[in-house]
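By convention here, the first residue in the shown sequence is residue 1.
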Amino acid sequence: MYFMRMIIRSLTQELRKRLLMGLTVLLAATVSTAMLGVVFDVGDKLTDELSTYGSNITVRPKSDAVLSELYSSSSTSTPSSAKTDPTSFIHESDLAKMKTIFWAYNILNFAPQLTHHVTVNGVENTPVVGTWFHKTLNLSTGETTVVGLKGMRNWWQVQGSWASDDDSQNGEPQAMVGTTFASEHNVHVGDELQIGSDDQKAKVTGIFTSGDDDDKAVFTTTTLLQNVTGLVDSVNYVEVKALTTPENDLARKVEKSPEAVSKTEWETWYCTAYVSSIAYQIEEVIPGAVAKQVRQVAALQGNVLRKTQAIMIVMTVLTLLAATIAVANLMAAATAERSGEIALRKAIGAKNSEVMRFILAETGIICALGAVLGALLGTGVAQAIGQVVFHAGIVMRPMVFVLVAVLLALTVLLASVSALRSILHVKPAEVLHGR
């Protein structure tokens with residue numbers, strides 16, 4: 001009876017502390033699940049966001065790349081800004097091979113360009129770019145993929161519509177003109193352009209504003225410009241948008257001195273989606289080409305990703321630290337209030353280890369319930385973050401829940417140390433006699 005009265009008397013206070021403990025673990029689980037869920041998926045999301053601002057790999061003929069490095073030409077400059085016409089080329093028909101490399105699925109998009117200065121509607125020396133706008137490729141693997149400039153120029157403001165690569169739709173090639181060229185030469189959507197000295201015509205479907213030298217150029221299909229220039233199956237520049245992993249020491253080591261790395265390091269580098277390894281594999285399948293990373297984009301992706309992940313990891317650590325302190329205080333207070341119950345258990349023969357297991361079991365059940373509810377709530381918070389920040393859902397990987405479970409278990413065990421030690425110092429005779 002005495003044992004029952006002691007339990008009933010402390011029941012209200014005990015429930016309050018257990019509830020607070022469960023809510024603390026729930027909050028910790030929610031924040032940890034949300035933050036780690038975003039951390040594990042933020043790489044893909046940031047790459048998608050940053051890739052809307054341009055390609056991260058460029059492909060050029062080998063001789064052109066050598067000249068660019070010799071004269072310190074910027075890898076981000078557009079071919080339409082060049083003052084002279086190209087003299088070296090790569091085969092347009094080889095470009096589909098990029099979708100057959102080891103990291104084929106990481107190549108999200110690419111668009112070739114053939115740039116030449118020709119006469120357009122009587123205007124001499126006009127930069128004309130032959131490209132793919134929204135082209136469907138039939139790959140040797142039997143698969144199809146859609147690539148082209150439309151997916152590479154998300155920031156273009158287009159009046160009208162994007163041009164088509166398929167002349168068979170209306171029997172006439174199509175073109176798009178930059179806003180500067182259009183305003184200087186009174187060109188409107190629906191007008192017809194005569195490109196070159198031959199009877200090569202294209203219908204203007206759109207006028208775009210790019211904010212760079214492309215505004216002075218005319219963009220049309222590669223087929224039309226190759227017919228005008230006689231450069232069949234030729235392009236001089238390819239922009240590639242690839243999903244990559246931020247570079248680390250291994251990637252920089254391979255790039256700096258490939259012959260100095262071991263075979264194992266080389267295989268690890270080759271089988272990791274670094275921008276440099278993807279560029280290397282592109283060079284393997286396109287004869288006479290040099291693929292280079294756009295360092296500004298690659299560096300930005302790596303820096304933003306590392307800083308974003310660091311912030312979220314710090315938030316997770318601080319949350320778990322706060323949860324450890326809170327749970328430790330609650331357990332210490334609960335143990336102190338239950339000293340009479342603990343003393344009575346010891347008096348009737350319970351060992352210290354048995355009492356500890358009982359306390360841990362109670363705490364474990366409450367914390368496990370809080371962790372499960374927190375994981376579910378954290379998943380929802382992660383999705384909300386994804387929609388607000390990236391306008392896309394967060395993929396919750398199983399590793400996130402495993403890691404959260406391990407971290408919370410360690411948090412509760414660490415918080416229980418003080419309370420469990422106090423159990424060892426409970427002396428039944430002194431407690432039960434009110435000393």
Side-chain angles (χ1 to χ4, degrees), residues 43-44 46-48 50-70 72-79 86 88-113 131-132 137 139 145 147-149 151-152 235-261 263 265-305:
D44 294 347
L46 280 178
T47 299
D48 289 342
L50 295 174
S51 64
T52 62
Y53 298 99
S55 58
N56 51 0
I57 298 175
T58 61
V59 183
R60 298 183 179 187
K62 188 171 296 184
S63 57
D64 185 31
V66 171
L67 289 175
S68 297
E69 292 184 1
L70 181 63
S72 300
S73 173
S74 173
S75 61
T76 59
S77 60
T78 58
S88 55
F89 308 92
I90 53 181
H91 293 299
E92 181 183 22
S93 56
D94 287 333
L95 301 184
K97 296 177 181 177
M98 285 193 288
K99 295 294 289 184
T100 64
I101 66 173
F102 182 82
W103 290 109
Y105 291 108
N106 284 58
I107 295 182
L108 306 178
N109 196 4
F110 60 90
Q113 297 183 27
T131 188
W132 297 347
L137 292 181
L139 306 176
T145 185
V147 295
L149 202 65
M152 306 287 289
V235 295
N236 62 283
Y237 185 81
V238 185
E239 294 184 16
V240 181
K241 182 189 296 185
L243 185 64
T244 62
T245 297
E247 293 195 332
N248 56 11
D249 292 337
L250 174 60
R252 288 186 285 270
K253 180 180 179 181
V254 173
E255 186 176 8
K256 182 178 180 180
S257 182
E259 66 281 353
V261 300
K263 183 178 179 181
E265 288 177 322
W266 176 267
E267 291 176 349
T268 301
W269 170 80
Y270 191 91
C271 296
T272 305
Y274 300 121
V275 63
S276 54
S277 63
I278 293 177
Y280 177 83
Q281 292 174 37
I282 291 175
E283 292 179 356
E284 287 184 314
V285 297
I286 301 182
V290 172
K292 295 290 185 182
Q293 61 174 302
V294 181
R295 294 193 175 277
Q296 293 91 331
V297 175
L300 178 63
Q301 289 177 347
N303 290 336
V304 172
L305 177 60

Return yes if some donor-acceptor pair links the side-chain N/O of [X] with the main-chain N/O of [Y] below 3.5 Å, else return no.
X: Glu283; Y: Ala291; value: yes
X: Lys292; Y: Thr58; value: no
X: Asn109; Y: Gly148; value: yes
X: Lys99; Y: Leu137; value: no
X: Asp249; Y: Arg252; value: no
X: Asn106; Y: Leu243; value: yes

Are side-chain heavy atoms of [X] and [Y] found at a separation under 4.5 Å?
X: Ile101; Y: Glu284; answer: no
X: Val235; Y: Thr131; answer: no
X: Thr244; Y: Gln293; answer: no
X: Tyr274; Y: Val254; answer: no

Measure across [X] and [Y] and return the closest heavy-atom pair with its distance rounded to 0.1 Å.
X: Met98; Y: Ile107; value: O-CD1, 3.3 Å
X: Thr268; Y: Thr272; value: O-OG1, 2.6 Å
X: Leu149; Y: Ala111; value: N-CB, 3.7 Å
X: Ala242; Y: Ile278; value: CB-CD1, 4.2 Å
X: Glu259; Y: Ser257; value: OE2-OG, 2.9 Å

Rounded at 0.5 Å granularity, tell me how far [atom1] in [X] sits from [atom2] in [Y].
X: Thr100; Y: Gln281; atom1: OG1; atom2: CD; result: 10.0 Å
X: Glu239; Y: Asn56; atom1: CD; atom2: CG; result: 10.5 Å
X: Lys62; Y: Ser88; atom1: NZ; atom2: OG; result: 11.5 Å
X: Ile282; Y: Trp103; atom1: CD1; atom2: CH2; result: 13.5 Å

Qualifying residues under salt bridge (Lys or Arg N to Asp or Glu O under 4.0 Å), relative to Lys97, sequence neighbours excluded: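 Salt bridge (Lys or Arg N to Asp or Glu O under 4.0 Å) check on Lys97 returns Asp94.
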Look at the aromatic rings of Phe102 and Tyr270 and report parallel, tilted or perpendicular, splitting at 30° and 60°.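 Ring orientation, 0 to 90° scale: tilted.
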Can a side-chain donor-acceptor contact be found between Ser276 and Trp269 if the only test is distance below 3.5 angstrom?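 Present: a donor and an acceptor within the cut-off.
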